[in-house]
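The next block holds one structure in the form of structure tokens; read it before the comments.
Labels below follow one simple rule: chain letters A, B, ... track the order of the sequence lines, proteins then strands, and each chain is numbered from 1.
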Amino acid sequence: MVGFLLQRAGQAFVTIFGVATLIFFVQRLTGDPTYLLVPETATQADIEALRHALGFDRPLIVQYLGFLADLARFDLGQSVVQRVPVVDIIASRLPYTLMLAGGALTVACGIGIPVGILLALFRDSAAAKAAAGFVLAAQSMPTFWSGILLILLFAVTLGWLPPSSTGGFSHLIMPSIALGLLSMATFARITRAALIEEFTRDYVRTARARGVGPVRILLRHVAKNAAIPVITVAALEISNLLAGAVIVETVFAWPGLGQVTVQAILARDFLVVQGVVMLGALVTIGLNLLSDFLYSVVDPRIALGGGR
Amino acid sequence: MRTRRMLAGALLAACLSLPGGAAFAAKERLTIDLVGEPNSLDPHVQWNPDSYYVYRNIFDNLVTRDDKGVIAPQVATSWKQLSDTRIQFQLRDDITFHDGSKLTADDVVFSVKRITDPKFVSPQLGQFDKIIDAVADDARTVTLTTQGAYPALLAQLVKLSVVPKKVVEAVGKDAFNLAPVGSGPYRFGAWQRGVSVTLNRNDAYWGTKAAFPSVVFRAIPDAATRVANLMAGTSDLAANLDGDLAAQLKTSQRAKPVPVLTERVAYLAMNVQKEPLNDPRVRRAIAQAIDKQAITDGVLGGTEKPLAQMLSPAHEGFVEGIKDLPFDLAKAKAELAAVGPKAKQEIALVTAPVYDQRVVQALQQMLVDAGLSVKIEMTDMGSWLKRMQSGPDSIPVMAFSRWSCGCQDADGVLFPILHSASGWANAKDKAIEDALEAGRQTLDPAKRLAAYKTVHERIASEHFVIPLYQAAQMYGTSKNLVWTPTPNESIFVNRMSWKD
Amino acid sequence: MSAPAPSLPRRRFPLKRWWPIAILAVFVLTAICAPLLAPYDPNAQNLVGRLKPPGTASRSFHYWLGSDELGRDLLSRIIYGTRVSLLVAVLSVLLSGAFGTALGLIAGYRRGWVEIAVMRIADVFLSIPAVLLAIITVAVLGPSLVNVVLVLALTRWPRYARVAHAQTLATAGMAYVENAVLSGGGNARILFRHILPNIAGTLIVVATLEFGLMVLFEAGLSFLGLGVQPPTASWGSMLSTGRNYVATAWWVATLPGLCLFALVLTVNLTGDAVRDRLDPHFR
């Protein structure tokens, strides 16, 4: 176990390093931010002076070594656009992304899991079919479309919720719904599958034979076992949510890291992109590790890292 | 089940601890929605409209433009041309910075020197580098020296903010950026990164005091969301809308569209050194194939005005009476047919997402209708800017562009676009270059006008670029807000008020 | 007891379950026959007839479904847009599926450092934001439908690889595979004859889910300005620009939006039906 974790930690380090290097060079393939920072009327001399002051005229390998040196001192550098440390930008925007991801996960589970339970227990009822239809429909719309519809309905027409930005719990509701819509069906499917799988087990059949009611079986025995695949999927779904957050944050002006990523990429703010991507890599690798671990618990045929 | 409850609880706690400021516009606070948050509030370290919108209200400049667009006194009460290269300003003596200290000539000199210091590397350097010296004659007088006669000096000084020397030297550049101190009608309040910047009224302001005790500038990237906020009443002013979005506001009870013609000129940029545009017949056909009126009235909604020259009426150097070729599709087709197969080469119309894609598509279709083979090539803004300034050998054959120098002076527009000293230019026309140099070396308005008339006429006959229209900025405001926007796209909050 | 009444032959494809396939077939046919079905050139503009409601006319155009912000016939654009949505989705799923499955198979079968290398490279691609990949691809290779497919494939192949890898691990441990190895079967043979057929079911399930996602992602790329080039009609870009007209000209966004919705929904329903048939666990 410890050996497995150490091994994966080592691999994670290499992976993050690989991501950082790849992103470093790939970004600079497209040029540098100098042109985006100056007015149209700037002369070539002005542009060269700025490029020199920002260090973008040095050979790539020199820039890379400088980046590694800073990284070794845990210095993520300064945003070339906002002239503040990258760490400050990430630290101030990360909580919002976490809130949005949490909210979306709550919505997705809060609706998806009950629907899954419904589908597992009462497969052919009209309610189950309607619920299945609803979550499938929710997964079939782009978030920028459902987003504007939600805004028009709840903010402009009804006036119940604020249309965008942040400022209180009510501001989190619509973005969470818009993002959560995409994942409801996934949770419904996995919950239904996991429950049905459990229902075929012997201990359930024994309990039914002894006359224990289905709800009791569900709550006391099945839920625990079915939870593992659901959590496995949840770990992966978080990655999807974080990716989908980019568009939701833009539509709702939610100040999370998704917005930061898009804007920094477009503005060629290399160090901010670097910082956010490395953080994302850490999260992705962590979640994959968790999901691999859980998957091996579910299916003991899969050795955790040994050879044949 | 329990996990979910715990999660909900933590979430709730986190949300309730958020700053719970009133989300809805109150009479006391004005809410303005911009496309993005400022890059920085130090007026000298960036060139960025969203920053400009905000810090315009924190700092004063030597001169400003009034609502009609005429240069007016601000920190300077009067100025006198001592010679072709030296100009002397008299300053007000009743201006104090937000920390209470007086604004003196030393601060003005400091500000000029700071922004023109090559070591400071301000992106705006190119707009002020003709100022080679600044001297404080006494506490209320400043003399600026320029490199040769510089007719656009006052126009550029409209953008130079005065910062307090003592504060900047004491706290340093990074700290000043986080807590700017100016002398303007609003003082810096708070900056919630990624969300909003709040300014509070400066009650000791020397000039027109603002009507609102506080103003908050929010970052809302999506235009449809900005409109939704106006319609829901959660904002009072939104910038960067377009004609179609504004049409939605026409049906709203709470908000109205507020268009204003700006000093931005939209034009079709071309590389006339490349095939097939090196043939003047092809360029003439292009000029006749484009129906400018259809674009301004049909696509854009009517506020924009077609132009026959590369300047708007708001520019110094705009010459009345310049005429270009009228729209005539039949003649364009005939012209291209006469050129033959060479005109059928595929032309890439390079564009970036920030440009109005309806106009780009309309232009492409008009050119295709005339017989050219034009394909739209989308690229990101950084690449677009780099390619467009890369010199006559590699500038894209065709691009849709909008130009703004922020100075409302012909030199800031025509020189970079047409003079071979600039990376944007590819015309290589001696007559134009001589005229441009003449125009920037004399202070005599009549001589300048004559020089720029030459330039406009050469463009109208040779079609090195095709001026399209004077662009408009579309704001949306609450119906209760009284405000006249200006062509130089500055939002002066102290020039606004509520209707009652 | 009398003999049981003869029952109707049990139909393998009862219409009730498989109606989504019929709708999908309609989409595919529309895409193939677009030039025959569309009344006008989808790119023909009519600046005088912008934003006309469905059923109106302007100059020589009769707009059955209305016109868009440049006066182009919405019906024609929707018909041609079917091609883009289907092409992008099919090609990207095929590309990412083939590539990801192959890598995952090899990783799960060979194990050792091959497994580590492949799975960590998959992690690298999972960590890179799709937006970054999209912008860089567009900046370096230029924008086009092919490059949209490339971007989508590059972002999604790790998912197939992870599933293929996990499934291969599970299958490879099974007795009959070990027998095949012991009896001297070559690697390729084992992979193709024994392992692949077993994991194919799960992978097809993943592919059906991914198909719908690819349609939505293409729309997302258009929203960010990185999708298919204008003036090519794609439902995603029509939906994206149409958001600005929701209150004044609802048809510009809503009609392509409904088509997008219908396509993704039927794909997801088909996927569910396929899954039910293929994966015994999920019955």
Those residues that, when tested against A/Phe13, pass ring-ring contact (aromatic ring centres under 6.0 Å, His included) (two or more places apart)
none

For chain C, find which of A/Ile23, A/Leu29, A/Ile148, A/Val156 contributes the most heavy-atom pairs closer than 4.5 angstrom.
A/Ile23

State, to 0.1 Å, how close C/Leu216 and A/Met141 come at their nearest heavy-atom pair, and which atoms those are.
CD2-C, 3.6 Å

For A/Leu242, which atoms come within 4.5 Å of any heavy atom of chain C: side chain, backbone, both, or neither?
neither

Can you tell me which residue pairs pass the side-chain hydrogen bond (donor to acceptor under 3.5 Å, both in side chains) test with a partner in residues 241-253 of chain A, sequence neighbours excluded?
A/Thr97-A/Glu249

Check whether any side-chain heavy atom of C/Phe125 sits under 4.5 Å from a side-chain heavy atom of A/Thr284, and report yes or no.
no

Which portion of A/Ala137 sits near chain C, non-hydrogen atoms under 4.5 angstrom
both

For A/Val273, is it the side chain, the backbone, both, or neither that has a heavy atom closer than 4.5 Å to a heavy atom of chain C?
side chain

Would you say A/Phe144 and C/Leu239 make side-chain contact, with heavy atoms under 4.5 Å?
yes

To check you understand the geometry: which heavy-atom pair defines the closest contact between C/Gly220 and A/Ile247, and what is its length?
CA-CD1, 3.6 Å

The interface call for A/Val246 against chain C, heavy-atom contacts under 4.5 Å, is side chain

Drop me the distance from C/Ser127's OG to A/Ile16's CD1, to the nearest 0.5 angstrom.
7.5 Å

Of the backbone (N, CA, C, O) and the side chain (C-beta and beyond), which part of C/Ser240 lies under 4.5 Å from a heavy atom of chain A, both, or neither?
both

C/Pro129 and A/Val277 have their tightest heavy-atom pair at CD-CG2, 3.7 Å

Under a 4.5 Å heavy-atom cut-off, does chain A meet the side chain of C/Gln167, its backbone, both or neither?
side chain

Could you name each residue pair satisfying side-chain hydrogen bond (donor to acceptor under 3.5 Å, both in side chains) that touches residues 236-245 of chain A, not counting sequence neighbours?
A/Ser183-A/Glu237, A/Glu237-A/Asn240, A/Asn240-C/Arg159

Is there a side-chain contact between A/Trp145 and C/Leu260 (heavy atoms, below 4.5 Å)?
no

Nearest non-hydrogen partners of A/Gln139 and C/Val264, listed with the distance
O-CG1, 4.0 Å

For A/Leu279, which atoms come within 4.5 Å of any heavy atom of chain C: side chain, backbone, both, or neither?
neither

Tell me, for A/Leu136 versus chain C, whether the close heavy atoms (under 4.5 Å) come from the side chain, the backbone, both or neither.
both

Atom group of A/Ser140 that falls short of 4.5 Å from chain C, counting heavy atoms
both

Contact origin within C/Val131 toward chain A - heavy atom pairs under 4.5 Å
both

In a check of side chain to side chain contact (heavy atoms under 4.5 Å, CB included) between C/Arg120 and each of A/Thr15, A/Ile285, A/Val19, which one passes?
A/Thr15

Using heavy-atom distances under 4.5 Å, tell me whether C/Thr254 contacts chain A through its side chain, its backbone, both, or neither.
both

At a heavy-atom separation under 4.5 Å, does C/Ala130 approach chain A through its side chain, its backbone, both, or neither?
neither

If I measure from the heavy atoms of chain A, does C/Ala253 come under 4.5 Å with its side chain, its backbone, both, or neither?
both

Members of residues 207-215 of chain C whose heavy atoms come closer than 4.5 Å to chain A
C/Leu209

